[in-house]
Amino acid sequence: MTVLVDADTRVVVQGITGHQGTVHTRQMKLFGSNVVAGTTPGKGGSTVEGVPVFDSVEEAVDRTSANASCIFVPAPYARDAFIEAVDAGIRLAVIVTEHIPFHDMLSMYHYGRERGARIIGPNCPGIAAPGKSKVGIIPNVVFRPGRVGVVSRSGTLTYEIVSGLKEHGLGQSTCLGLGGDPVVGTSFVDALPLFEADPETDIVVLVGEIGGTAEEDAAEEIRRNFTKPVVAYVAGRSAPPGKRMGHAGAIIARGRGTAESKLSALKGAGAEIARFPYEIPDMVATRLARLGRR
Amino acid sequence: MTVLVDADTRVVVQGITGHQGTVHTRQMKLFGSNVVAGTTPGKGGSTVEGVPVFDSVEEAVDRTSANASCIFVPAPYARDAFIEAVDAGIRLAVIVTEHIPFHDMLSMYHYGRERGARIIGPNCPGIAAPGKSKVGIIPNVVFRPGRVGVVSRSGTLTYEIVSGLKEHGLGQSTCLGLGGDPVVGTSFVDALPLFEADPETDIVVLVGEIGGTAEEDAAEEIRRNFTKPVVAYVAGRSAPPGKRMGHAGAIIARGRGTAESKLSALKGAGAEIARFPYEIPDMVATRLARLGRR
Amino acid sequence: MVKLAEWRGKEIFQKYGIPTPNGRVVRSAPEAGALLRNGGVPLPCVIKAQVLAGGRGKGGAVRFASAPEEAEAAASAILGLEFQGEKVRELLIEPKLALAKELYLSITLDRSRRLPVLIASSQGGVEIEAVAESALVRLPLHPFVGLVGYEKRKVVRALGLSGGPAKALDGLVDRLWAAFESEDAELVEINPLAVVGDGLVALDAKVIIEDDATFRHPQYAEIRDDRTPLEEIAREKGIAFVQLDGNIGVIANGAGLTMATLDVLAEFGGRPGIFLDLGGTDDPAKVTEAFLLMAKARPSAVFLNIFGGVTRCDTVAKGLVEAMKQVPPSERFPLVARIRGNNEAEGTAILREAGIPSVPDLKESVQAAVRAADGAAPGGGRP
Amino acid sequence: MVKLAEWRGKEIFQKYGIPTPNGRVVRSAPEAGALLRNGGVPLPCVIKAQVLAGGRGKGGAVRFASAPEEAEAAASAILGLEFQGEKVRELLIEPKLALAKELYLSITLDRSRRLPVLIASSQGGVEIEAVAESALVRLPLHPFVGLVGYEKRKVVRALGLSGGPAKALDGLVDRLWAAFESEDAELVEINPLAVVGDGLVALDAKVIIEDDATFRHPQYAEIRDDRTPLEEIAREKGIAFVQLDGNIGVIANGAGLTMATLDVLAEFGGRPGIFLDLGGTDDPAKVTEAFLLMAKARPSAVFLNIFGGVTRCDTVAKGLVEAMKQVPPSERFPLVARIRGNNEAEGTAILREAGIPSVPDLKESVQAAVRAADGAAPGGGRP
């Protein structure tokens with residue numbers, strides 16, 4: 001397995017008959033993902049993009065042995081959808097849905113934790129392992145298989161950066177878009193050990209944002225346990241304090257959460273800092289060359 | 001480690017300044033347990049039976065490295081006491097307290113499960129590994145070190161049976177009194193794998209009661225995964241249906257929960273059935289002799 | 001366990017917003033007649049005995065009436081009835097509703113999974129034990145998350161609902177769950193849950209509150225259960241006391257030991273008449289009270305089987321000796337004692353001094369107790 | 001995020017049983033005088049400006065009065081004030097209480113732990129950011145179990161309470177927790193929490209409700225936030241729109257890309273004036289609306305930076321071309337576009353046809369945008 005997904009990943013799409021569910025089912029299939037089932041209550045028996053639709057995840061798992069879920073269900077029903085997936089035995093759920101109340105996410109996260117189920121997201125691009133499988137919505141065009149791991153709190157900025165890597169001939173092992181909501185199922189701290197353990201990843205590009213302390217926590221994890229090189233970029237250095245930038249939720253508290261705090265923590269942990277997205281490919285290439293990998 | 005406790009077990013007694021807390025702290029120490037701390041809010045700084053008392057479990061763990069708790073706190077506060085122990089890092093709690101509402105136990109059980117903390121009890125005798133450690137209230141007089149494992153839903157009936165084993169020269173590896181409440185932290189099904197994995201246990205005596213389906217579930221576990229011999233006794237064969245016998249909670253549903261159902265399930269799983277408590281020692285001795293252990 | 005009468009269960013349902021018929025409780029036939037004549041409950045109506053025992057319907061204690069006089073006659077007929085020793089003292093009078101369907105819905109505890117479980121069936125109105133397992137849906141519910149969408153959809157499917165009733169079910173199961181949780185219930189059961197027009201109505205209510213949770217709900221502690229008068233006194237004193245058909249009184253500590261004692265007694269031809277479980281105590285006065293209570297039940301003989309743990313042998317011995325002094329001559333009984341465990345030596349010495357030998361072997365002591373009971377006058381004391 | 005005015009926060013506190021002073025809201029000085037003359041609020045009283053911005057106290061917008069006339073004068077003085085662009089329109093008048101102590105208590109979210117966190121300090125009445133970390137207690141709370149005994153004891157110790165106030169705290173934190181949970185709050189803050197006599201009173205209330213949860217609480221969706229009028233219109237259209245001090249408008253999709261764009265702009269000397277995050281959309285009409293909104297803010301130039309994912313390049317291009325047709329001549333602006341990702345070829349073709357080149361390189365496109373802004377009249381459109 002490459003970090004979280006590989007060719008054995010069998011995806012059920014919850015909310016497959018919705019517009020985004022349908023569009024991204026097609027995109028996942030084009031990427032090469034094994035999308036085995038979809039669910040929409042009341043629409044069981046139909047097919048979407050050649051994928052059989054079931055009324056419940058339980059049925060989908062029974063009939064297709066799905067082992068990962070991609071959730072497009074609208075925010076008010078997302079909590080229920082995730083619990084349904086867990087109860088049906090799913091242990092990896094990518095939640096694409098945005099605007100899920102964080103109170104719901106708290107109960108989802110802790111329910112999942114009790115049952116051993118991992119959430120990626122919500123409001124996230126998801127997971128893509130080029131040449132293997134994609135669970136989520138990252139555009140297919142940006143990828144190429146390789147040995148660079150990418151982990152990010154952002155959406156489109158991730159696409160931008162992965163696309164830049166590709167243009168410079170730098171392929172990716174796995175790209176993880178964690179989402180930037182106040183409560184995420186998988187944080188940098190949770191994701192880094194997966195890349196550390198992945199024999200197919202040589203270097204990790206970490207893409208952060210101002211707000212919260214996920215990057216500071218990541219720095220601590222890198223310092224303590226992470227042995228591979230890290231190139232980090234933190235967006236929002238020049239954002240005005242006190243204003244929220246979309247869903248970045250720049251709540252800056254006691255000196256933590258600022259770009260300065262994040263950059264100095266990451267630097268202190270041994271990460272190389274890119275000042276702009278377009279600097280990343282060269283830095284990665286140089287570092288890989290030093291490792292003798294390129 | 002012998003099943004759950006051994007000489008490295010460091011016990012904190014929650015509610016140590018209460019009557020039962022004090023009495024059993026002394027008994028545990030006489031047994032040889034390493035009781036390192038007690039707690040009672042507001043009584044920090046005093047000592048009970050030579051054991052330092054703290055205001056909180058957090059303090060007790062910080063100062064004494066306690067790693068198991070024995071809870072005597074009254075029922076209305078027992079849930080809070082257990083959560084306090086888990087939050088302080090305790091991963092094994094024997095809850096002696098009786099009359100804890102099962103709704104509280106549900107939240108305790110699932111909270112503990114999320115955090116990886118095991119409950120024995122509530123309303124239970126606890127754990128005793130003769131010659132090593134005791135966490136709970138089983139009378140010290142009944143024990144002698146040996147290789148018979150005992151696991152039971154009953155209190156005094158367990159003492160009766162262990163005492164019988166001792167009188168016949170049959171020592172025990174670990175004795176686990178699980179309690180007979182509607183919701184217990186550790187059931188037969190959870191306990192049997194511990195005995196299976198314990199190199200110091202040659203045979204297990206399982207003591208059940210009518211009501212619930214814990215014995216039927218145990219039979220299933222024995223059939224599938226348990227390789228050591230089992231001698232089983234189920235109390236209440238002649239109890240009238242529909243009447244509750246104390247806290248045994250004889251809710252008998254759909255043919256399960258009766259003595260017949262339990263006995264036939266256990267027999268079907270290969271356990272030897274004792275018809276009366278006083279038959280157990282001979283059956284154990286015979287079986288051990290066949291194993292070449294006596 | 002505090003079993004609530006139907007009308008109390010319906011009060012709880014109303015508190016949580018579960019629809020019930022708009023009924024009233026009466027305690028006499030004239031009261032029933034007046035209620036209906038004043039339009040307090042519209043006609044036609046149903047008159048239901050408020051007893052905890054089952055079999056009301058078959059026993060003629062649920063009747064319909066379409067005029068006040070008819071209702072009055074029905075009420076006076078039902079108020080005379082008795083169910084398993086329980087006399088009918090209260091009647092619930094409700095409007096008779098036009099039902100399209102009778103369903104079953106309940107929440108109780110699944111001990112094995114340590115989860116509440118919701119049980120639903122489209123076959124309501126009959127004892128749930130009589131419904132085939134294949135016609136039931138059982139859903140374990142997580143206490144931290146309650147009922148979620150897919151579970152409700154399963155219930156709707158199991159009950160064969162659609163349209164208005166399906167929509168009504170969505171909120172109804174949430175409310176039933178809230179009642180189960182917030183009232184510390186062991187069981188909340190609606191049987192039948194009726195489809196009435198476009199909605200759902202709870203035609204019956206069976207609610208059992210957990211004894212141990214009455215510290216959070218003192219109102220339930222006052223409610224009488226289906227206990228005999230002696231059982232009720234015992235409950236107040238914190239002693240588990242169960243009356244049966246035999247003639248031997250058994251006093252033990254702990255449910256398991258009590259039941260094992262019973263098994264051995266039965267093996268040797270004894271007929272247990274009372275079980276008394278002392279539980280865990282170190283107060284000799286409580287032991288004395290237990291013995292005096294036992295004496296009131298007039299056993300042919302009493303067998304005391306104690307394994308000292310929390311309850312120490314000397315505590316029991318002291319309490320017993322004190323009780324023997326207080327039992328009136330007319331209530332005396334032959335006694336066989338066996339005390340083992342914590343402080344066994346001290347306890348045995350106290351008993352020996354009072355002329356009561358302790359027989360340490362279980363089989364022997366039981367045989368002695370059976371002999372003592374057989375030798376005594378049935379139901380009578382030792383002269 | 002829906003920030004509630006103090007009086008609304010206190011309404012919520014009252015709903016959950018958290019004691020607050022018994023105050024009233026007025027909107028004019030005569031109304032204040034009448035209220036006090038009628039005894040609607042007892043004297044002496046405190047008059048507090050109801051604004052979301054901080055610094056009320058220092059800004060003279062919290063005053064005391066011991067007579068109706070004095071209160072009327074204070075009210076008319078405060079109603080004229082403005083805080084960070086927010087005019088005082090409402091006053092809360094409350095009885096002045098005799099305080100023994102001012103404490104701090106709040107519950108908010110700890111993102112790293114994914115747990116709510118309770119923060120308490122004995123140093124209340126000042127900005128919590130100004131309180132030393134050593135004078136704070138932070139307790140992570142589990143959403144499934146709430147506050148348990150040992151946590152409450154920690155809070156009592158941290159606040160230095162005993163007796164009546166300590167007892168009052170026990171229930172108060174449970175109620176604050178209930179408010180946080182049930183109202184889907186991001187923050188419930190009591191600062192100061194005052195010891196008054198033998199109890200505790202919330203003298204101030206800061207409650208922030210989560211935007212995403214307004215589907216469960218439609219009443220909050222109506223409440224205006226601290227947004228500018230254009231920001232308010234954007235919010236209604238589901239577009240993230242932030243006004244700043246510079247002159248370049250930035251339209252991007254996704255918060256991360258928007259911020260990265262800003263970082264690069266700043267590097268090349270650009271001064272961003274408006275950020276507009278399209279988010280995820282595949283509706284060209286929404287893109288058109290966003291552009292028209294941007295035009296109203298009169299930027300010197302606009303830089304469009306889109307990486308197509310959910311929002312496809314052709315959707316954006318279509319919307320942009322349509323907007324360019326609708327923007328009135330007086331509001332036109334120079335535009336630099338960069339569109340990459342999903343349907344890049346289609347989007348680029350649509351733009352090219354409309355005479356708008358897409359510059360694929362980020363650095364080059366930013367430099368072009370900065371040049372365009374520098375060349376344009378400040379704040380003005382292209383002639």
Side-chain angles (χ1 to χ4, degrees), chain A residues 19-20 23-24 75-76 98-107 109-111 125 137-142 152-160 163 180 182-184 187 189 207 209-210 212-214 217 233 235-240 243-249 251 253-254 275-278, chain D residues 1 108-112 114-116 129 133 142-144 180-182 184-186 210-216 240 242-245 252-267 272 275 277 279-280 282 305-312 340-344 361-363:
Chain A
H19 176 67
Q20 293 296 334
V23 166
H24 290 291
E98 56 178 351
H99 296 305
I100 299 177
F102 78 78
H103 283 272
D104 287 3
M105 266 306 297
L106 288 177
S107 94
Y109 175 77
H110 291 283
Y111 187 77
I137 60 168
I138 316 185
N140 295 345
V141 293
V142 301
S152 169
R153 281 218 282 160
S154 298
T156 46
L157 177 57
T158 312
Y159 315 160
E160 170 86 37
S163 178
V183 175
V184 290
S187 66
V189 169
V207 184
E209 289 177 4
I210 54 169
T213 59
D217 298 341
Y233 170 68
R237 221 167 45 237
S238 52
K243 282 269 183 186
R244 278 206 188 191
M245 310 304 295
H247 280 95
I251 296 177
R254 292 182 177 260
R275 294 184 65 236
F276 303 103
Y278 46 75
Chain D
M1 103 176 145
T108 185
L109 173 68
D110 180 335
R111 293 174 171 215
S112 300
R114 286 95 156 185
L115 289 174
E129 292 287 318
E133 192 65 34
H142 200 288
F144 294 158
F180 179 76
E181 283 272 287
S182 306
D184 278 300
E186 285 187 26
E210 194 189 359
D211 254 339
D212 287 339
T214 47
F215 70 85
R216 279 197 284 258
V242 179
Q243 278 186 293
L244 296 169
D245 299 331
N253 58 333
L257 186 59
T258 307
M259 290 194 286
T261 305
L262 173 65
D263 292 344
V264 180
L265 257 179
E267 172 73 7
F275 301 119
D277 177 358
D282 48 13
N305 188 18
I306 295 296
F307 208 104
V310 167
T311 306
R312 297 191 319 268
R340 306 291 313 270
N342 273 351
N343 297 21
E344 177 175 333
D361 185 80
L362 179 55
K363 211 191 301 186

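Per chain, numbering begins at 1; letters A, B, ... match sequence-line order. This structure is a prediction, so every number in the text was calculated from the model and none was measured.
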TODO: Please state whether the side chain, the backbone, both or neither of A:I138 comes within less than 4.5 Å of a heavy atom of chain D.
DONE: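 Neither part, no heavy atoms under 4.5 Å.
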TODO: Check each atom of A:P277 against the heavy atoms of chain D and say whether the ones under 4.5 Å are side chain, backbone, both or neither.
DONE: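 For A:P277, the contact with chain D is made by the side chain alone.
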State, to 0.1 Å, how close [X] and [Y] come at their nearest heavy-atom pair, and which atoms those are.
{"X": "D:N342", "Y": "A:V141", "result": "OD1-CG2, 4.3 Å"}
{"X": "D:D263", "Y": "A:F276", "result": "O-CE2, 3.5 Å"}
{"X": "D:R340", "Y": "A:S163", "result": "NH2-OG, 4.1 Å"}
{"X": "D:R114", "Y": "A:S187", "result": "NH2-N, 3.3 Å"}
{"X": "D:A260", "Y": "A:A235", "result": "N-CB, 4.0 Å"}
{"X": "D:L115", "Y": "A:L106", "result": "N-CD2, 4.0 Å"}

Would you give the length of the straight line joining atom [atom1] of [X] to atom [atom2] of [Y], rounded to the nearest 0.5 angstrom?
{"X": "D:D277", "Y": "A:T156", "atom1": "CG", "atom2": "OG1", "answer": "7.5 Å"}
{"X": "A:H19", "Y": "D:D282", "atom1": "NE2", "atom2": "CG", "answer": "4.0 Å"}
{"X": "A:E209", "Y": "D:T258", "atom1": "CD", "atom2": "OG1", "answer": "9.5 Å"}
{"X": "D:L109", "Y": "A:M105", "atom1": "CG", "atom2": "CE", "answer": "10.5 Å"}

TODO: Count the heavy-atom pairs under 4.5 Å between each of D:D184, D:L362, D:D361 and chain A, then report the option with the highest count.
DONE: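 Top count of heavy-atom pairs under 4.5 Å with chain A: D:D184.
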Task: Options D:R216, D:E344, D:E267, ranked by heavy-atom pairs under 4.5 Å with chain A, top entry - done: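 Looking at each option in turn, the highest pair count goes to D:E267.
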TODO: Kindly indicate whether the side chain of A:E98, heavy atoms from C-beta on, has any atom under 4.5 Å from the side chain of D:D212.
DONE: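 Result no, sub-4.5 Å side-chain heavy-atom pair not found.
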Task: Pairwise side-chain contact, A:Y109 with D:P143, heavy-atom cut-off 4.5 Å (strictly under) - done: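 No. Closest side-chain heavy atoms not under 4.5 Å.
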Top contributor to chain D interface from [options] [non-hydrogen pairs under 4.5 Å]:
{"options": "A:H24, A:R237, A:H103", "value": "A:H103"}
{"options": "A:V142, A:I137, A:D104, A:V207", "value": "A:D104"}
{"options": "A:P139, A:S154, A:A75", "value": "A:P139"}

Open item on the list: Run A:V23 and D:R312 through side-chain contact (heavy atoms from CB on, under 4.5 Å) and show every step you take.
Closed with: CA-CA 12 Å; A:V23 166; D:R312 297 191 319 268; 5.8 Å; no
Open item on the list: When you measure from the side chain of D:E210 to the backbone of A:F102, do you find a donor-acceptor pair of N or O atoms at a distance under 3.5 Å?
Closed with: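 Yes, the answer is positive, given that a donor and an acceptor are paired below the 3.5 Å cut-off.
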Task: Side-chain H-bond candidate by donor/acceptor type, D:N253 with A:Y159, under 3.5 Å - done: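 Absent: no donor and acceptor within the cut-off.
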Task: Heavy-atom proximity to chain A below 4.5 Å, by part of D:E181 - done: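 Both backbone and side chain.
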